[in-house]
2 protein chains.
Amino acid sequence: MDKIKILVADDHQVIIDGLEAIISTTEHLEFIGGASNGKEVISKVESQPVDLILMDINMPEMDGLECTAYLSKNYPNIRVIALSMHDNPRLAKRMIKNGAFGFLLKNSSKANILTAISEVMQGRNFFDPMLMSTFFDADNKKSSSSFSKKDLLTKREIQIIQLICQEKTTAEIADELSISTHTVESHRGNIMLKLELKNSVGLVKWAIQNEVIEL
Amino acid sequence: MDKIKILVADDHQVIIDGLEAIISTTEHLEFIGGASNGKEVISKVESQPVDLILMDINMPEMDGLECTAYLSKNYPNIRVIALSMHDNPRLAKRMIKNGAFGFLLKNSSKANILTAISEVMQGRNFFDPMLMSTFFDADNKKSSSSFSKKDLLTKREIQIIQLICQEKTTAEIADELSISTHTVESHRGNIMLKLELKNSVGLVKWAIQNEVIEL
DNA sequence: CTTCGTCTAGCGGAAAACCACTAGTTTTTT
DNA sequence: AAAAAACTAGTGGTTTTCCGCTAGACGAAG
């Protein structure tokens, strides 16, 4: 079996050097170069065969997201593993969507990095275990710890929010609850005040984030 | 360091035997028994010290969810790793919420199981890499498969949607794009028509569901 | 028993959104 | 080059939301 040809893309030379050290000292892996932005990556893959790219997300000129999307269209055989400083699940999702096969945090262990490379080259996905943790935490923290503006709201107000989020007008809500439209407006006003929102668009987003409504 | 005392809970004896084999042949790990439902688990932890439980979710009498919730309240020092046949992210979330520290699929490799145990005993979370894959897939399929009304929209319309979702008013949007407010209204009108929406509340929800905006 | 919070209801007015319809210009497609 | 689609801009009007301010009724907590 041939060695796996790996390109490292990151705008910090230290990262490239570190990964080169890990790659070069491992059997079956071959470090074939670094790139400091997406455009460099593309010019390199045009001039030589590449099997796998360890791709930073934040880069100048052309970032990892854009570059990965381009590669997955034009070079579907090249596998991409996203690299990131931050364990941001949303970012991870976007990278996966754009065609990345894996997601690693920069402070990941050597063992993790090597596992990721081998898994991804076998066509499987690999995600940093740390990311997985925050994935769940993100959901838990909101519902359990820390104070939420949700506590400021009364039952009736929550109810009004839910109806607003069902695309109902003030008149419809008033009708449904058998109260006057003035009352509904009064509630809506108080809600806006308490949550410091500008309009109902913000209200919907707040409601979803705080799990007052289901999407 | 003492051996880690592990209890295995599953209503299938094969699973218990299999895990016992893995545990017993590994240093620092000690298999201290099996249980076929949640009630048995509780009676066992009452009679002897336990460090970690590999807990099946589907069990008769008292299932893994309930049992884990009970343990995390009354025996917070006992670590629980959930076991499941199915890579169901929702189930995983619920187990984590109930106090589990990890989530393993039953067809997971020995290496994975051992890693999970060691990670969890160090107070970290561990999630089966396979689960992570389906986590992302679940989201991707929804947006990619079948025809979406998103295709009906033009770039400009998408742009307008994004600005509306930033809680901007028509005037602000017009200003930002250097076009007249009439044009913006015109776009908004077309969007509403194409997506068959009633108002901007529906628009925000649609935008989130179709990943036109990030929450 | 009084205070506090909540729910209720109203007024008046400003701002924003929504609707329908027309129509010229630019860009893209055929 | 012609046709189609997208972007632009307008008129005129209705509906809805948003804002501020007042205020009574009721129940719970002090």
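Residue numbering restarts at 1 for every chain, and letters A, B, ... go by the order of the sequence lines. Values below: every heavy atom of this structure, side chains too, minus hydrogens, waters and symmetry copies. Just so we're clear, the structure is a prediction, and the values are computed from it rather than from any experiment.
- Residue Thr169(A) places no side-chain N or O under 4.0 Å from the OP1 or OP2 atom of dT15(D).
- Comparing Glu157(B) and Leu197(A) by the nucleotide of DNA chain D that holds the closest heavy atom to each, the one mapping nearer the 5' end is Glu157(B).
- One finds a side-chain N or O of Arg156(B) lying less than 4.0 angstrom from the OP1 or OP2 phosphate oxygen of dT8(D).
- At least one side-chain heavy atom of Leu65(B) sits under 4.5 Å from a side-chain heavy atom of Met95(B).
- Residue Thr154(A) places none of its side-chain N or O atoms closer than 4.0 Å to OP1 or OP2 of dT6(C).
- On a pure distance criterion of 3.5 Å, a polar donor-acceptor pair joins the side chain of Ser186(B) and the base of dT8(D).
- Counted within 6.0 Å of CD on Gln122(B), heavy atoms from surrounding residues, nucleotides or ligands total more than 12; the atom is thus considered enclosed.
- Here the side chains of Arg156(A) and Ile179(A) are in contact, with some heavy-atom distance below 4.5 Å.
- Environment of NZ in Lys5(A): crowded, with over 12 heavy atoms of neighbouring residues, nucleotides or ligands closer than 6.0 Å.
- As a whole-Å value, the separation of Asn190(A) CG from dC18(D) P is 13 Å.
- Distances shown here put a side-chain N or O of Thr170(A) below 4.0 Å from the OP1 or OP2 atom of dT17(D).
- Taking atom NE2 on His182(A) and atom C1' on dC7(C), their separation rounds to 15 Å, with Å as the unit.
- For the pair His187(A) and dT8(C), the criterion of a side-chain N or O lying under 4.0 Å from OP1 or OP2 is met.
- The side chain of Ile179(B) lies closest to dT8(D) when the candidates are dA9(C), dC19(C), dT8(D).
- Nearest nucleotide to the side chain of Glu185(B), out of dT8(C), dC18(C), dG10(C): dC18(C).
- Thr183(A) comes within 4.0 angstrom of a nucleotide base, judged by non-hydrogen atoms across all strands.
- Looking at the side chain of Lys155(A), the nearest of the listed nucleotides dC7(C), dA9(C), dA17(C) is dC7(C).
- Each of Asn199(B) and Leu177(B) lies near DNA chain D, and the nucleotide nearest Leu177(B) is the one positioned closer to the 5' end.
- In this structure, Glu176(A) and Ile173(A) have side chains that are not in contact, with every pair of non-hydrogen atoms separated by 4.5 Å or more.
- Taking atom CE of residue Met192(A) and atom P of nucleotide dA14(C), one finds them 20 Å apart after rounding to whole Å.
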